[in-house]
There are 4 protein chains.
Amino acid sequence: MDRSEKDDAERRAQERWLEELLRAAEDDHPKMTDKQARIVNAAIEIFAEKGYSAASTSEIASKAGVAEGTIFRHYKTKKELLFSIVSPLVAKLVAPLVLKDFFKVLETPYPNYESFLRAVIRNRSEFVRKHLPALRIMLQEIPFHPELREPYKDVVVEGVLPRIRRTVERFQAEGALRADFPSDAVIRLTVTSAIGFLFVRHILMPDYPWDEEAETERTIDFLMHGLAGPRG
Amino acid sequence: MDRSEKDDAERRAQERWLEELLRAAEDDHPKMTDKQARIVNAAIEIFAEKGYSAASTSEIASKAGVAEGTIFRHYKTKKELLFSIVSPLVAKLVAPLVLKDFFKVLETPYPNYESFLRAVIRNRSEFVRKHLPALRIMLQEIPFHPELREPYKDVVVEGVLPRIRRTVERFQAEGALRADFPSDAVIRLTVTSAIGFLFVRHILMPDYPWDEEAETERTIDFLMHGLAGPRG
Amino acid sequence: MDRSEKDDAERRAQERWLEELLRAAEDDHPKMTDKQARIVNAAIEIFAEKGYSAASTSEIASKAGVAEGTIFRHYKTKKELLFSIVSPLVAKLVAPLVLKDFFKVLETPYPNYESFLRAVIRNRSEFVRKHLPALRIMLQEIPFHPELREPYKDVVVEGVLPRIRRTVERFQAEGALRADFPSDAVIRLTVTSAIGFLFVRHILMPDYPWDEEAETERTIDFLMHGLAGPRG
Amino acid sequence: MDRSEKDDAERRAQERWLEELLRAAEDDHPKMTDKQARIVNAAIEIFAEKGYSAASTSEIASKAGVAEGTIFRHYKTKKELLFSIVSPLVAKLVAPLVLKDFFKVLETPYPNYESFLRAVIRNRSEFVRKHLPALRIMLQEIPFHPELREPYKDVVVEGVLPRIRRTVERFQAEGALRADFPSDAVIRLTVTSAIGFLFVRHILMPDYPWDEEAETERTIDFLMHGLAGPRG
DNA sequence: TATGAATGAGCCTTCATTCAT
DNA sequence: GATGAATGAAGGCTCATTCAT
């Protein structure tokens with residue numbers, strides 16, 4: 001009992017620490033004039049509502065309560081306005097993955113896939129809630145703007161993925177995750193389950209009376225059972 | 001042995017039957033003139049490539065090798081052209097769900113969640129491969145066109161979902177699926193895992209050297225373990 | 001008497017022949033629709049009146065009696081419209097200079113700088129009268145559009161000028177033109193006098209009651225006296 | 001010999017005196033703040049490079065290193081800035097013509113068309129070199145701004161021209177200039193030859209390796225031969 | 001006096017749609 | 001049915017000009 005209580009405490013500590021870490025990687029919002037902020041907010045609203053291409057700068061201007069020319073004083077083009085919204089978001093999504101400390105938690109004496117998932121899912125859920133409209137825009141526009149993906153492609157494929165793969169393989173070797181799946185499959189199933197949850201929760205059915213805590217736990221429980229190793 | 005062999009045969013029969021059923025619900029292609037077909041194909045290509053709003057009818061016309069006016073002889077508006085592509089697709093996606101026979105398989109003497117998943121996933125994978133560009137367009141445009149969702153909303157929420165829920169709950173009652181999850185959670189996890197697989201397989205990483213058969217089985221295995229009941 | 005009468009006849013024949021030659025190099029006007037012609041005419045009028053940059057396509061459209069969009073069906077950009085007016089004009093100005101036969105007249109048994117000048121000045125005067133507004137535009141815009149000059153630069157500098165130089169030098173050697181000037185100076189004085197006349201006549205003071213015939217002769221007479229060699 | 005030496009001395013004196021006179025009519029440059037001077041210089045550069053209409057005040061401001069608003073503190077409008085550059089130039093070009101003393105030289109005991117031309121051409125050549133970019137602008141914009149010409153029209157047509165005409169006619173009567181040309185033709189040929197030289201020298205081919213002294217003399221020699229009277 | 005953010009009219013250009021042939 | 005010239009509204013963007021600081 002003593003032992004597992006201590007473990008639990010450890011795990012909770014881990015989770016808190018990771019959430020801290022993730023949260024820390026997010027604050028920025030450079031100084032903006034009042035007008036600029038209104039432009040960005042109006043743009044987010046309208047891009048989210050009708051899509052980037054179908055949104056007109058004149059509509060954005062009038063919703064922001066500024067002259068159309070004012071938009072172009074702050075952003076050279078409509079596209080630059082879009083990118084000013086989406087780029088930092090993509091950056092913030094990738095940021096934690098490249099933090100030196102991000103995966104370190106899994107190398108602690110009490111490594112724990114479950115705690116890790118919990119921390120990440122919670123944090124990302126908060127993140128999604130906070131940036132929902134801009135994320136909608138990002139999902140819509142990323143397919144049409146390679147410039148948004150390009151800078152991160154190599155980082156993810158060559159930097160992040162191998163690290164995750166190694167981590168997963170260690171868990172598999174230790175018997176914590178099933179070893180009959182290639183590590184890539186484990187990653188895929190983990191990620192789609194987590195993102196699937198966030199997508200359904202925040203985008204597909206945001207108005208469903210979610211018990212977020214419970215649903216998060218269920219998703220994790222489902223994942224852990226689905227991926228459990230002999231020891232799991 | 002005899003028993004399980006018989007069961008296996010049954011299951012395979014079920015799967016085949018369901019795949020037949022799903023496939024049968026798909027053939028249509030109303031009579032189109034050659035020109036019309038070229039217009040639609042060009043539109044699919046260009047909508048997929050740059051999005052509906054950013055695509056121009058003149059570009060579609062020239063890719064289709066017809067005059068611009070010809071498009072408007074067949075489709076009153078650009079939007080009607082979009083809908084002529086996307087609407088039948090949405091219909092075909094919903095169609096099997098409302099087939100009287102679709103869930104009947106689950107009421108047979110050898111009900112089997114796993115077989116059911118296998119049949120559905122395989123069929124949808126084939127479906128996605130066949131309609132990939134149009135599905136891309138659908139995913140892009142559905143958020144901006146309630147008219148595309150509206151006709152199916154009630155059917156799904158009031159017709160399909162309750163039926164699935166009942167089915168899942170029967171499996172839970174029988175101990176085939178875990179009963180500690182609400183049926184909605186079971187459905188959500190099932191659907192997001194399946195769709196997640198199809199999305200990664202066909203849209204996110206279509207060029208990855210997939211072993212489709214194996215990956216499908218892994219996804220099902222993962223799901224079954226994640227959702228296994230005491231008997232599972 | 002006989003002799004000089006015969007010479008005179010020869011010279012007149014030469015002049016007629018050269019004028020023919022110059023005139024022949026000019027007819028084109030590719031097929032244009034009525035609308036296109038109206039657009040071009042309106043553009044010429046307005047470009048001439050207020051300059052290319054200060055002219056607006058909407059004004060051109062309304063003067064041409066067409067919709068603004070119609071302009072851009074025929075000319076991709078406003079600049080292309082400008083060039084469609086000016087480019088052929090520059091071409092036509094250079095064209096005679098590169099004709100094989102153009103300077104041949106000066107190699108005939110009765111070479112005659114004077115006749116040559118007369119033919120050229122008369123023809124160019126007619127040319128200017130015919131294309132006055134477009135020439136105005138050309139003069140205005142050529143400094144700002146190297147693309148208009150570039151194609152002819154080498155042709156003139158390497159092809160035409162040396163030929164003129166040789167011709168002038170032959171006249172100088174024969175004593176028909178003064179030999180104490182470099183050939184380049186002779187050319188410069190000839191050209192500026194001729195163009196100066198055309199400029200004053202058609203652009204600077206088009207409303208002055210010119211006796212064109214007399215003034216042309218005076219210009220030639222002035223030139224011939226100014227450039228006369230010992231034999232002249 | 002004595003006589004002609006004395007004449008030559010007279011002539012050189014005349015030339016020097018006239019050049020003095022012309023030069024004296026030019027100094028002005030009203031007091032300008034440093035900023036204003038930078039604005040004007042930047043404007044000259046940019047107007048000359050791309051034309052008045054195509055130049056933007058913001059580009060001028062940034063080249064001048066001042067804020068955009070600063071331009072409008074000194075010049076109510078962009079046009080006023082243009083005029084502040086061009087108007088004084090036009091004035092300076094006309095100024096010598098209306099000087100009481102300007103033609104007086106021609107009424108001295110040793111009147112001399114040639115000396116007069118030499119003095120004027122030299123002076124204007126210096127003038128052009130000094131004000132080249134602004135002169136370019138003037139040439140470009142004068143056709144579009146009657147306000148620039150208007151104030152001088154009457155002065156020139158009614159004041160200056162008749163005086164020149166009288167002078168020329170006196171030379172003709174004296175046999176110094178050919179009398180078979182109307183005085184207007186003599187004036188035209190003189191002016192276009194002189195301006196033609198300056199134009200070719202400074203604008204059309206500023207990079208040609210001019211021997212300015214020799215070329216000026218040739219131009220004058222050419223003019224004098226072309227216009228020589230029986231006595232010339 | 002100097003600034004530069006803000007303005008909004010107006011520019012060039014695109015585009016869905018119409019219609020005479 | 002098919003064409004493609006013509007349309008004109010609307011779009012993104014520029015620019016001379018104003019004004020609070």
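What you see below is based on every heavy atom in this structure, not just the backbone, and it leaves out hydrogens, waters and symmetry mates.
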For this session: Mind listing the closest non-hydrogen atom pair of Ala43(C) and Ile85(C) along with its distance?
Result: CB-CD1, 3.8 Å

For this session: Identify whether any heavy atom of Thr33(D) sits under 4.0 Å from a base atom; if not, whether one sits that close to sugar-phosphate; answer base, sugar-phosphate or nothing.
Result: nothing

Exercise. Looking at the side chain of Lys78(A), which of dA16(F), dA6(F), dG12(F) is the nearest nucleotide?
Worked result: dG12(F)

Problem set entry | Nucleotide forming a Watson-Crick or wobble pair with dC15(F), both distances under 3.5 Å | dG8(E)

Exercise. Within the structure shown, what part of the strands sits under 4.0 Å from Ala55(C) by heavy-atom distance: base, sugar-phosphate, or nothing?
Worked result: sugar-phosphate

Problem set entry | Glu147(C) with Lys79(C): basic N within carboxylate O range, under 4.0 Å | yes

Exercise. Which residue lies toward the 5' end of DNA chain E, Gly69(A) or Phe72(C), if each is placed at its nearest nucleotide?
Worked result: Gly69(A)

Exercise. Side-chain N or O of Thr57(B) less than 4.0 angstrom from OP1 or OP2 on dA16(E)?
Worked result: yes

Exercise. Would you say Lys35(D) reaches dT3(E)'s phosphate, i.e. side-chain N/O to OP1/OP2 under 4.0 Å?
Worked result: yes

For this session: Just compare dG8(F), dT7(E), dC12(E) and give me whichever is closest to any side-chain atom of Ala67(C).
Result: dG8(F)

For this session: Ignoring the backbone of Thr70(D), work out which of dA2(E), dT17(E), dA16(F) is nearest its side chain.
Result: dA2(E)

Exercise. When the distance from CG of Asp34(C) to C1' of dT21(E) is rounded to whole Å, what number comes out?
Worked result: 16 Å

Problem set entry | Atom-to-atom span, CE of Met32(B) to P of dG1(F) - whole angstrom | 15 Å

Seminar exercise, completed: Rounded to whole Å, the CD-P distance (Glu68(B) to dA5(F)) equals 10 Å

Exercise. Does one side chain, of Thr57(C) or Glu68(C), offer a donor that lies under 3.5 Å from an acceptor on the other?
Worked result: yes

Problem set entry | 5' precedence on DNA chain F between Gly65(B) and Tyr52(A) (nearest-nucleotide basis) | Gly65(B)

Exercise. In whole angstroms, how far is the P atom of dC12(E) from the CD1 atom of Ile39(C)?
Worked result: 14 Å

Exercise. Between dA6(E), dT17(F), dT3(E), which one does the side chain of Val66(D) approach most closely?
Worked result: dT3(E)

Exercise. Reckon Ser56(B) has a side-chain N or O less than 4.0 Å from the OP1 or OP2 of dT14(E)?
Worked result: no

Exercise. Can you find a pair of side-chain heavy atoms, one from Tyr52(B) and one from Ile137(B), that are under 4.5 Å apart?
Worked result: no

Exercise. Under 4.0 Å: is that the gap between some side-chain N or O of His74(A) and OP1 or OP2 of dA6(E)?
Worked result: yes

Exercise. In whole Å, what is the span from the CG atom of Leu82(A) to the P atom of dG11(F)?
Worked result: 17 Å

Problem set entry | Non-hydrogen side-chain atoms of Phe127(C) and Leu93(C) separated by less than 4.5 Å | yes

Problem set entry | Base paired to dT21(E) (Watson-Crick or G-U; both N/O distances under 3.5 angstrom) | dA2(F)

Problem set entry | Heavy-atom side-chain proximity of His131(B) to Lys92(B) below 4.5 angstrom | yes

For this session: Give the rounded distance in Å between these two atoms: CD1 of Ile71(B) and P of dC15(E).
Result: 13 Å

Seminar exercise, completed: Separation of dT7(E) atom P from Gln36(A) atom CD, nearest Å, is 13 Å

Seminar exercise, completed: Regarding the side chain of Arg73(A), the nearest nucleotide among dA5(E), dT3(E), dC12(E) is dA5(E)

Problem set entry | Between P of dA16(F) and CD1 of Ile60(D), the distance in whole Å | 8 Å

